[in-house]
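Scroll down for the structure; my scribbles are underneath it.
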Amino acid sequence: MTEAVKVDLEIDLKGEVCPYTFVKSKLALEELESGQVLRVVVDHLPAVENVPRSLDNEGHQVLEVVQINDSDWSITIRKA
Amino acid sequence: MAVSVRVLGQFPGLTRSRTVEGHGSDINGLIADLERQYPGFRGLVYDEKGEVLGYVNIYVNGDEIRSLRGKATALQNGDEVTLLPAIRGSALSFTEEQIKRYSRHIILSQVGGKGQRRLLEASVLLIGAGGLGSPAGLYLAAAGIGKLGIVDFDLVDLSNLHRQILHHNHDLGRAKVVSAAEAIADVNPDVEVVQHQVQLTSENVMDIIADYDIVVDGSDNFPTRYLVSDACVFGGKPNIHGSIFRFEGMATVFLPGKGCYRCLYPVPPQPGAVPSCQEAGVLGVLPGIIGLIQATETIKFILDIGESLNGRLLLFDALDMEFREVKCRRNANCPVCGDNPTITNLIDYEEFCGIRAASHQ
Ligand SMILES: [Zn+2]
(Lines give C-alpha, C1' and ligand atoms only; values in the text may rest on other atoms or scores of the structure.)
Protein backbone atom coordinates (compact mmCIF):
# COMPACT_ATOMS: atom_id res chain seq x y z
CA MET A 1 0.00 0.00 0.00
CA THR A 2 2.97 2.32 0.54
CA GLU A 3 3.05 3.41 -3.08
CA ALA A 4 -0.70 3.48 -3.53
CA VAL A 5 -1.40 6.33 -1.11
CA LYS A 6 -0.56 9.83 -2.24
CA VAL A 7 1.33 11.59 0.54
CA ASP A 8 0.52 15.29 0.74
CA LEU A 9 3.05 16.26 3.32
CA GLU A 10 6.10 14.58 4.72
CA ILE A 11 8.06 15.60 7.78
CA ASP A 12 11.33 14.34 9.08
CA LEU A 13 11.22 14.02 12.86
CA LYS A 14 14.46 12.11 13.26
CA GLY A 15 16.25 13.26 16.38
CA GLU A 16 12.99 14.36 18.02
CA VAL A 17 11.74 12.61 21.17
CA CYS A 18 8.36 12.33 22.84
CA PRO A 19 6.23 14.32 23.24
CA TYR A 20 7.59 16.52 20.43
CA THR A 21 7.25 13.77 17.86
CA PHE A 22 3.50 13.87 18.53
CA VAL A 23 3.33 17.64 18.94
CA LYS A 24 5.01 18.23 15.57
CA SER A 25 2.98 15.53 13.83
CA LYS A 26 -0.17 17.16 15.19
CA LEU A 27 0.92 20.62 14.05
CA ALA A 28 1.71 19.25 10.59
CA LEU A 29 -1.75 17.66 10.35
CA GLU A 30 -3.30 21.01 11.21
CA GLU A 31 -1.68 22.37 8.05
CA LEU A 32 -3.55 19.83 5.94
CA GLU A 33 -7.14 19.53 4.79
CA SER A 34 -9.39 16.73 5.92
CA GLY A 35 -8.60 13.58 3.92
CA GLN A 36 -5.03 14.58 3.10
CA VAL A 37 -2.18 12.31 4.09
CA LEU A 38 0.83 12.99 6.28
CA ARG A 39 3.91 10.84 6.51
CA VAL A 40 6.31 11.28 9.39
CA VAL A 41 9.68 9.64 9.81
CA VAL A 42 10.90 9.03 13.36
CA ASP A 43 13.90 7.31 14.91
CA HIS A 44 12.78 7.55 18.57
CA LEU A 45 11.48 4.05 19.33
CA PRO A 46 8.75 4.99 21.86
CA ALA A 47 7.31 7.38 19.25
CA VAL A 48 6.59 4.42 16.98
CA GLU A 49 3.85 3.43 19.43
CA ASN A 50 3.00 6.78 20.96
CA VAL A 51 2.50 8.88 17.85
CA PRO A 52 0.03 6.55 16.11
CA ARG A 53 -1.87 5.99 19.37
CA SER A 54 -2.16 9.70 20.15
CA LEU A 55 -3.18 10.61 16.60
CA ASP A 56 -5.72 7.79 16.61
CA ASN A 57 -7.11 9.22 19.88
CA GLU A 58 -7.63 12.52 18.11
CA GLY A 59 -9.67 10.74 15.45
CA HIS A 60 -7.17 10.55 12.62
CA GLN A 61 -6.71 7.39 10.60
CA VAL A 62 -3.35 5.69 10.96
CA LEU A 63 -2.73 4.08 7.57
CA GLU A 64 0.64 2.48 8.08
CA VAL A 65 3.49 2.12 10.55
CA VAL A 66 6.56 0.54 8.99
CA GLN A 67 10.26 0.25 9.72
CA ILE A 68 12.15 1.61 6.71
CA ASN A 69 15.75 0.94 7.77
CA ASP A 70 17.85 0.05 10.81
CA SER A 71 16.96 3.20 12.68
CA ASP A 72 13.94 4.82 11.05
CA TRP A 73 10.20 4.25 11.05
CA SER A 74 7.58 5.72 8.76
CA ILE A 75 4.11 6.54 10.06
CA THR A 76 1.39 7.43 7.55
CA ILE A 77 -1.79 9.15 8.70
CA ARG A 78 -4.90 10.40 6.96
CA LYS A 79 -6.30 13.57 8.51
CA ALA A 80 -9.81 13.26 9.95
CA MET B 1 -6.45 34.23 -15.44
CA ALA B 2 -6.84 35.16 -11.79
CA VAL B 3 -6.46 32.26 -9.40
CA SER B 4 -6.30 31.99 -5.62
CA VAL B 5 -3.16 30.34 -4.36
CA ARG B 6 -3.00 28.61 -1.00
CA VAL B 7 0.55 28.29 0.28
CA LEU B 8 1.88 26.13 3.10
CA GLY B 9 5.17 25.26 4.71
CA GLN B 10 7.87 27.87 4.24
CA PHE B 11 5.96 29.89 1.62
CA PRO B 12 3.92 32.05 4.05
CA GLY B 13 7.22 33.36 5.42
CA LEU B 14 7.68 35.01 2.03
CA THR B 15 4.10 35.89 1.14
CA ARG B 16 3.07 36.95 4.66
CA SER B 17 -0.25 35.28 4.02
CA ARG B 18 -1.48 31.76 3.47
CA THR B 19 -3.73 32.74 0.60
CA VAL B 20 -2.54 35.02 -2.17
CA GLU B 21 -3.81 35.93 -5.60
CA GLY B 22 -1.87 35.28 -8.76
CA HIS B 23 -2.28 35.49 -12.51
CA GLY B 24 -1.18 33.26 -15.35
CA SER B 25 -2.53 31.11 -18.17
CA ASP B 26 -0.65 28.10 -16.81
CA ILE B 27 1.40 27.10 -13.77
CA ASN B 28 4.61 28.40 -15.31
CA GLY B 29 3.04 31.82 -15.87
CA LEU B 30 1.59 31.81 -12.37
CA ILE B 31 4.97 31.11 -10.77
CA ALA B 32 6.49 33.94 -12.83
CA ASP B 33 3.75 36.27 -11.57
CA LEU B 34 4.29 35.19 -7.96
CA GLU B 35 8.04 35.78 -8.40
CA ARG B 36 7.22 39.36 -9.49
CA GLN B 37 5.01 39.83 -6.42
CA TYR B 38 7.27 38.00 -3.99
CA PRO B 39 10.89 37.99 -5.15
CA GLY B 40 12.49 34.66 -4.28
CA PHE B 41 9.28 32.68 -4.79
CA ARG B 42 10.52 30.94 -7.93
CA GLY B 43 13.53 29.54 -6.08
CA LEU B 44 11.22 27.84 -3.58
CA VAL B 45 9.41 26.02 -6.39
CA TYR B 46 11.89 25.32 -9.19
CA ASP B 47 15.37 23.82 -9.20
CA GLU B 48 18.21 25.43 -11.16
CA LYS B 49 17.04 23.69 -14.33
CA GLY B 50 13.59 25.23 -13.97
CA GLU B 51 11.91 21.96 -13.02
CA VAL B 52 9.49 21.71 -10.10
CA LEU B 53 11.42 20.60 -7.04
CA GLY B 54 10.83 17.00 -6.08
CA TYR B 55 9.63 17.92 -2.63
CA VAL B 56 7.10 20.52 -3.76
CA ASN B 57 3.64 19.39 -4.79
CA ILE B 58 1.40 21.74 -6.75
CA TYR B 59 -2.33 21.07 -6.90
CA VAL B 60 -4.89 22.62 -9.23
CA ASN B 61 -8.36 22.20 -7.76
CA GLY B 62 -7.05 19.25 -5.77
CA ASP B 63 -5.17 17.40 -8.54
CA GLU B 64 -1.39 17.27 -8.42
CA ILE B 65 0.07 18.74 -11.63
CA ARG B 66 2.35 15.77 -12.24
CA SER B 67 -0.84 13.85 -13.01
CA LEU B 68 -1.94 16.72 -15.28
CA ARG B 69 0.34 18.58 -17.68
CA GLY B 70 3.06 19.60 -15.26
CA LYS B 71 4.17 23.21 -15.48
CA ALA B 72 2.07 23.60 -18.63
CA THR B 73 -1.14 22.75 -16.76
CA ALA B 74 -3.63 25.39 -17.87
CA LEU B 75 -5.42 27.63 -15.40
CA GLN B 76 -8.95 29.00 -15.54
CA ASN B 77 -10.31 32.02 -13.75
CA GLY B 78 -11.22 31.09 -10.20
CA ASP B 79 -9.07 27.96 -10.05
CA GLU B 80 -7.60 27.07 -6.69
CA VAL B 81 -3.91 26.32 -6.65
CA THR B 82 -2.21 24.83 -3.60
CA LEU B 83 1.54 24.79 -3.11
CA LEU B 84 2.50 22.12 -0.62
CA PRO B 85 6.17 21.52 0.13
CA ALA B 86 7.50 18.66 2.20
CA ILE B 87 8.59 20.39 5.36
CA ARG B 88 10.76 19.66 8.30
CA GLY B 89 8.89 19.94 11.58
CA SER B 90 10.55 23.22 12.43
CA ALA B 91 9.30 24.92 9.28
CA LEU B 92 5.80 25.20 10.71
CA SER B 93 4.28 28.44 11.84
CA PHE B 94 5.67 28.09 15.37
CA THR B 95 9.29 28.54 16.29
CA GLU B 96 11.11 25.62 17.86
CA GLU B 97 11.02 27.49 21.16
CA GLN B 98 7.27 28.05 20.90
CA ILE B 99 6.64 24.39 20.11
CA LYS B 100 8.45 23.45 23.32
CA ARG B 101 7.01 26.27 25.42
CA TYR B 102 3.41 25.56 24.44
CA SER B 103 3.68 21.80 23.88
CA ARG B 104 1.43 20.94 26.84
CA HIS B 105 -1.23 23.18 25.37
CA ILE B 106 -0.79 21.92 21.82
CA ILE B 107 -1.15 18.32 23.00
CA LEU B 108 -4.63 19.07 24.37
CA SER B 109 -7.21 18.26 21.72
CA GLN B 110 -9.29 21.31 22.79
CA VAL B 111 -6.33 23.62 22.22
CA GLY B 112 -3.91 22.31 19.61
CA GLY B 113 -1.76 24.51 17.41
CA LYS B 114 -4.83 26.40 16.26
CA GLY B 115 -5.89 27.25 19.81
CA GLN B 116 -2.39 28.29 20.77
CA ARG B 117 -2.30 30.51 17.71
CA ARG B 118 -5.56 32.13 18.88
CA LEU B 119 -4.02 32.82 22.29
CA LEU B 120 -0.96 34.35 20.64
CA GLU B 121 -3.19 36.56 18.53
CA ALA B 122 -5.43 37.62 21.44
CA SER B 123 -5.24 40.87 23.37
CA VAL B 124 -6.32 41.21 26.99
CA LEU B 125 -6.53 44.33 29.13
CA LEU B 126 -5.89 43.91 32.85
CA ILE B 127 -7.53 46.53 35.02
CA GLY B 128 -5.15 46.67 37.93
CA ALA B 129 -1.80 44.98 38.54
CA GLY B 130 -2.70 44.21 42.13
CA GLY B 131 -4.00 41.16 43.95
CA LEU B 132 -6.21 39.86 41.14
CA GLY B 133 -4.21 41.22 38.21
CA SER B 134 -0.98 39.63 39.46
CA PRO B 135 -1.89 35.95 39.19
CA ALA B 136 -4.15 36.58 36.19
CA GLY B 137 -1.40 38.50 34.40
CA LEU B 138 1.32 35.98 35.14
CA TYR B 139 -0.69 32.97 33.98
CA LEU B 140 -2.13 34.72 30.94
CA ALA B 141 1.40 35.70 29.98
CA ALA B 142 2.67 32.17 30.53
CA ALA B 143 -0.19 30.86 28.39
CA GLY B 144 1.02 33.02 25.51
CA ILE B 145 -1.57 35.78 25.28
CA GLY B 146 -0.04 37.90 22.53
CA LYS B 147 -0.80 41.33 23.93
CA LEU B 148 -1.39 42.20 27.57
CA GLY B 149 -2.35 45.74 28.50
CA ILE B 150 -2.01 46.75 32.14
CA VAL B 151 -3.79 49.72 33.65
CA ASP B 152 -2.49 50.83 37.03
CA PHE B 153 -1.63 54.22 38.42
CA ASP B 154 -0.08 53.03 41.68
CA LEU B 155 3.43 52.45 42.91
CA VAL B 156 4.51 49.22 44.57
CA ASP B 157 4.13 49.41 48.36
CA LEU B 158 5.42 46.95 50.92
CA SER B 159 1.85 46.23 52.06
CA ASN B 160 1.10 44.93 48.53
CA LEU B 161 3.61 42.11 48.59
CA HIS B 162 1.66 39.64 50.72
CA ARG B 163 -0.59 39.01 47.71
CA GLN B 164 0.53 40.91 44.59
CA ILE B 165 2.93 38.35 43.18
CA LEU B 166 3.82 40.35 40.07
CA HIS B 167 5.90 42.61 42.32
CA HIS B 168 9.00 41.93 44.35
CA ASN B 169 11.04 43.53 47.10
CA HIS B 170 13.31 45.25 44.63
CA ASP B 171 10.26 46.91 43.03
CA LEU B 172 9.23 48.94 46.10
CA GLY B 173 8.42 52.49 45.05
CA ARG B 174 8.39 51.67 41.34
CA ALA B 175 5.35 52.01 39.09
CA LYS B 176 3.32 48.79 39.17
CA VAL B 177 2.97 48.79 35.39
CA VAL B 178 6.76 48.83 35.01
CA SER B 179 7.31 46.16 37.62
CA ALA B 180 4.55 44.03 36.04
CA ALA B 181 5.96 44.41 32.54
CA GLU B 182 9.38 43.22 33.73
CA ALA B 183 7.96 40.24 35.59
CA ILE B 184 5.92 39.23 32.56
CA ALA B 185 8.86 39.60 30.18
CA ASP B 186 10.78 37.22 32.44
CA VAL B 187 8.01 34.65 32.20
CA ASN B 188 7.35 34.84 28.48
CA PRO B 189 9.08 37.10 25.97
CA ASP B 190 6.39 36.28 23.38
CA VAL B 191 4.01 38.64 25.18
CA GLU B 192 3.78 42.28 24.20
CA VAL B 193 3.03 44.28 27.35
CA VAL B 194 1.42 47.70 27.01
CA GLN B 195 1.75 49.91 30.08
CA HIS B 196 -1.10 52.29 30.89
CA GLN B 197 0.05 54.20 33.96
CA VAL B 198 -3.09 56.29 34.24
CA GLN B 199 -6.08 56.77 36.47
CA LEU B 200 -9.03 55.41 34.52
CA THR B 201 -11.68 58.06 33.94
CA SER B 202 -14.70 58.60 31.73
CA GLU B 203 -12.33 60.56 29.47
CA ASN B 204 -9.83 57.80 28.71
CA VAL B 205 -11.48 54.45 29.40
CA MET B 206 -13.13 53.98 26.01
CA ASP B 207 -9.91 54.70 24.11
CA ILE B 208 -7.94 52.31 26.28
CA ILE B 209 -10.31 49.34 26.09
CA ALA B 210 -10.83 49.82 22.34
CA ASP B 211 -7.45 48.19 21.61
CA TYR B 212 -8.27 44.91 23.37
CA ASP B 213 -10.47 41.87 22.79
CA ILE B 214 -11.23 41.24 26.46
CA VAL B 215 -11.15 43.17 29.72
CA VAL B 216 -10.18 41.48 32.99
CA ASP B 217 -11.41 43.60 35.86
CA GLY B 218 -9.17 43.27 38.89
CA SER B 219 -9.97 46.71 40.27
CA ASP B 220 -10.14 47.25 44.02
CA ASN B 221 -12.59 50.15 44.17
CA PHE B 222 -16.16 50.89 43.18
CA PRO B 223 -15.59 53.94 40.92
CA THR B 224 -13.28 51.93 38.66
CA ARG B 225 -15.47 48.83 38.75
CA TYR B 226 -18.57 50.74 37.63
CA LEU B 227 -16.61 52.73 35.06
CA VAL B 228 -15.12 49.55 33.56
CA SER B 229 -18.45 47.72 33.57
CA ASP B 230 -20.28 50.60 31.87
CA ALA B 231 -17.44 51.09 29.37
CA CYS B 232 -17.50 47.38 28.48
CA VAL B 233 -21.25 47.59 27.82
CA PHE B 234 -20.82 50.69 25.64
CA GLY B 235 -17.78 49.26 23.88
CA GLY B 236 -19.16 45.74 23.47
CA LYS B 237 -16.26 44.09 25.33
CA PRO B 238 -16.37 40.93 27.45
CA ASN B 239 -15.69 41.82 31.08
CA ILE B 240 -14.18 39.09 33.23
CA HIS B 241 -15.06 40.17 36.74
CA GLY B 242 -13.45 39.29 40.05
CA SER B 243 -13.64 40.85 43.48
CA ILE B 244 -12.37 39.93 46.92
CA PHE B 245 -13.15 40.87 50.49
CA ARG B 246 -11.45 39.53 53.62
CA PHE B 247 -11.91 35.74 53.17
CA GLU B 248 -14.49 35.80 50.38
CA GLY B 249 -14.38 36.30 46.68
CA MET B 250 -16.64 36.30 43.68
CA ALA B 251 -16.15 35.93 39.97
CA THR B 252 -18.32 36.01 36.89
CA VAL B 253 -18.20 36.79 33.19
CA PHE B 254 -20.21 39.58 31.60
CA LEU B 255 -20.58 39.18 27.85
CA PRO B 256 -21.92 41.90 25.56
CA GLY B 257 -25.71 41.83 25.62
CA LYS B 258 -25.68 39.26 28.41
CA GLY B 259 -25.48 41.30 31.57
CA CYS B 260 -23.16 43.65 33.38
CA TYR B 261 -22.09 44.53 36.90
CA ARG B 262 -25.09 46.86 37.27
CA CYS B 263 -27.43 43.95 36.59
CA LEU B 264 -26.14 42.64 39.91
CA TYR B 265 -25.72 45.91 41.79
CA PRO B 266 -27.42 48.80 39.95
CA VAL B 267 -25.69 51.56 41.94
CA PRO B 268 -22.59 51.78 44.10
CA PRO B 269 -23.04 51.63 47.87
CA GLN B 270 -23.22 54.86 49.82
CA PRO B 271 -19.90 56.09 51.14
CA GLY B 272 -19.17 54.35 54.42
CA ALA B 273 -21.83 51.68 53.93
CA VAL B 274 -19.36 49.05 52.76
CA PRO B 275 -15.83 48.84 54.06
CA SER B 276 -13.47 48.90 51.13
CA CYS B 277 -9.83 49.21 50.18
CA GLN B 278 -7.26 49.52 52.89
CA GLU B 279 -9.62 49.19 55.86
CA ALA B 280 -10.96 45.80 54.91
CA GLY B 281 -8.00 43.47 54.97
CA VAL B 282 -7.74 40.44 52.76
CA LEU B 283 -6.28 36.97 53.05
CA GLY B 284 -3.22 37.03 50.81
CA VAL B 285 -3.95 33.80 48.97
CA LEU B 286 -7.55 34.75 48.16
CA PRO B 287 -6.82 36.88 45.07
CA GLY B 288 -4.71 33.99 43.77
CA ILE B 289 -7.79 31.82 43.61
CA ILE B 290 -10.17 34.44 42.23
CA GLY B 291 -7.63 35.94 39.82
CA LEU B 292 -6.93 32.52 38.33
CA ILE B 293 -10.63 31.87 37.88
CA GLN B 294 -10.64 35.09 35.85
CA ALA B 295 -7.61 33.94 33.85
CA THR B 296 -9.24 30.55 33.23
CA GLU B 297 -12.44 32.14 31.94
CA THR B 298 -10.41 34.49 29.75
CA ILE B 299 -8.58 31.60 28.12
CA LYS B 300 -11.79 29.59 27.68
CA PHE B 301 -13.41 32.59 26.03
CA ILE B 302 -10.51 33.03 23.60
CA LEU B 303 -10.47 29.32 22.75
CA ASP B 304 -14.27 29.14 22.68
CA ILE B 305 -14.28 25.97 24.79
CA GLY B 306 -16.18 24.72 27.79
CA GLU B 307 -19.02 26.28 29.75
CA SER B 308 -18.58 30.00 30.41
CA LEU B 309 -19.16 31.52 33.84
CA ASN B 310 -21.43 34.00 32.06
CA GLY B 311 -24.86 34.03 33.76
CA ARG B 312 -23.43 32.51 36.93
CA LEU B 313 -21.89 34.28 39.89
CA LEU B 314 -19.32 32.06 41.54
CA LEU B 315 -18.90 32.69 45.26
CA PHE B 316 -15.91 31.46 47.21
CA ASP B 317 -15.48 31.29 50.96
CA ALA B 318 -11.94 30.50 52.05
CA LEU B 319 -12.82 29.87 55.70
CA ASP B 320 -15.40 27.20 54.85
CA MET B 321 -13.41 26.27 51.73
CA GLU B 322 -16.60 26.27 49.75
CA PHE B 323 -17.65 27.31 46.27
CA ARG B 324 -21.27 28.14 45.60
CA GLU B 325 -22.95 29.73 42.64
CA VAL B 326 -26.03 31.83 42.03
CA LYS B 327 -27.59 32.91 38.78
CA CYS B 328 -26.77 36.35 37.47
CA ARG B 329 -28.56 36.86 34.21
CA ARG B 330 -29.03 40.10 32.34
CA ASN B 331 -31.52 42.26 34.24
CA ALA B 332 -34.15 43.83 31.96
CA ASN B 333 -34.32 46.74 34.43
CA CYS B 334 -30.57 47.30 34.44
CA PRO B 335 -29.87 51.05 34.16
CA VAL B 336 -27.13 50.43 31.59
CA CYS B 337 -27.77 47.23 29.65
CA GLY B 338 -31.51 46.83 30.38
CA ASP B 339 -34.41 47.39 28.00
CA ASN B 340 -34.78 51.08 28.89
CA PRO B 341 -31.37 52.28 29.99
CA THR B 342 -31.26 55.38 32.16
CA ILE B 343 -27.48 55.63 32.22
CA THR B 344 -26.14 56.38 28.76
CA ASN B 345 -22.92 58.17 29.65
CA LEU B 346 -19.93 57.15 31.70
CA ILE B 347 -19.90 58.33 35.30
CA ASP B 348 -16.90 59.28 37.39
CA TYR B 349 -17.95 58.33 40.89
CA GLU B 350 -16.03 59.84 43.77
CA GLU B 351 -13.62 57.54 45.52
CA PHE B 352 -15.57 56.73 48.67
CA CYS B 353 -12.97 55.01 50.68
CA GLY B 354 -11.70 56.25 54.02
CA ILE B 355 -10.56 59.83 54.40
CA ARG B 356 -11.56 61.22 51.03
CA ALA B 357 -15.15 60.08 51.38
CA ALA B 358 -15.36 61.51 54.88
CA SER B 359 -14.02 64.88 53.81
CA HIS B 360 -16.52 64.90 50.99
CA GLN B 361 -19.56 64.64 53.22
ZN1 LIG C 1 -26.58 45.33 33.12
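Chain naming here is simple, since letters A, B, ... match the order of the sequence lines and numbering starts at 1 in each.
Here the side chain of A/Glu30 pairs no donor or acceptor atom with the backbone of B/Gly112 at under 3.5 angstrom.
By the 6.0 Å contact criterion, OH on B/Tyr139 is open, its count of non-hydrogen atoms from other residues, nucleotides or ligands being 12 or less. Residue A/Gln61 places its CD atom among more than 12 non-hydrogen atoms of other residues, nucleotides or ligands, all under 6.0 Å distant. When the shell of 6.0 Å around CD of B/Glu80 is examined, it contains 12 or fewer heavy atoms from other residues, nucleotides or ligands. The neighbour count for B/Arg69 CZ, taken as heavy atoms of other residues, nucleotides or ligands under 6.0 Å away, does not exceed 12. More than 12 heavy atoms of other residues, nucleotides or ligands lie within 6.0 Å of CD in A/Gln67, so this atom counts as buried by the packing criterion.
We find the CD1-CG distance between B/Ile99 and A/Leu27 to be 5.5 Å, quoted to the nearest 0.5 Å. Rounded to the nearest 0.5 angstrom, A/Lys26 NZ and B/Leu108 CG are separated by 7.0 Å. Remark: A/Glu31 CD to B/Lys114 NZ distance equals 8.5 Å, nearest 0.5 Å. The line from CZ of A/Phe22 to CD1 of B/Ile106 is 10.0 Å long, rounded to the nearest 0.5 Å. Distance check: B/Asn57 CG to A/Glu10 CD gives 10.0 Å after rounding to the nearest 0.5 Å.
Contacts between B/Arg6 and chain A at a heavy-atom distance below 4.5 Å involve the side chain alone, from C-beta outward.
Counting only residues at least two apart or on different chains, the ring-ring contact (aromatic ring centres under 6.0 Å, His included) pairs with a member in residues 16-41 of chain B are B/Phe11-B/Phe41.
The greatest number of non-hydrogen atom pairs below 4.5 Å with chain A, out of B/Glu64, B/Gln116, B/Arg104, is found for B/Arg104.
Looking at heavy atoms from C-beta onward, A/Asp8 lies in side-chain contact with B/Tyr59 at the 4.5 angstrom threshold.
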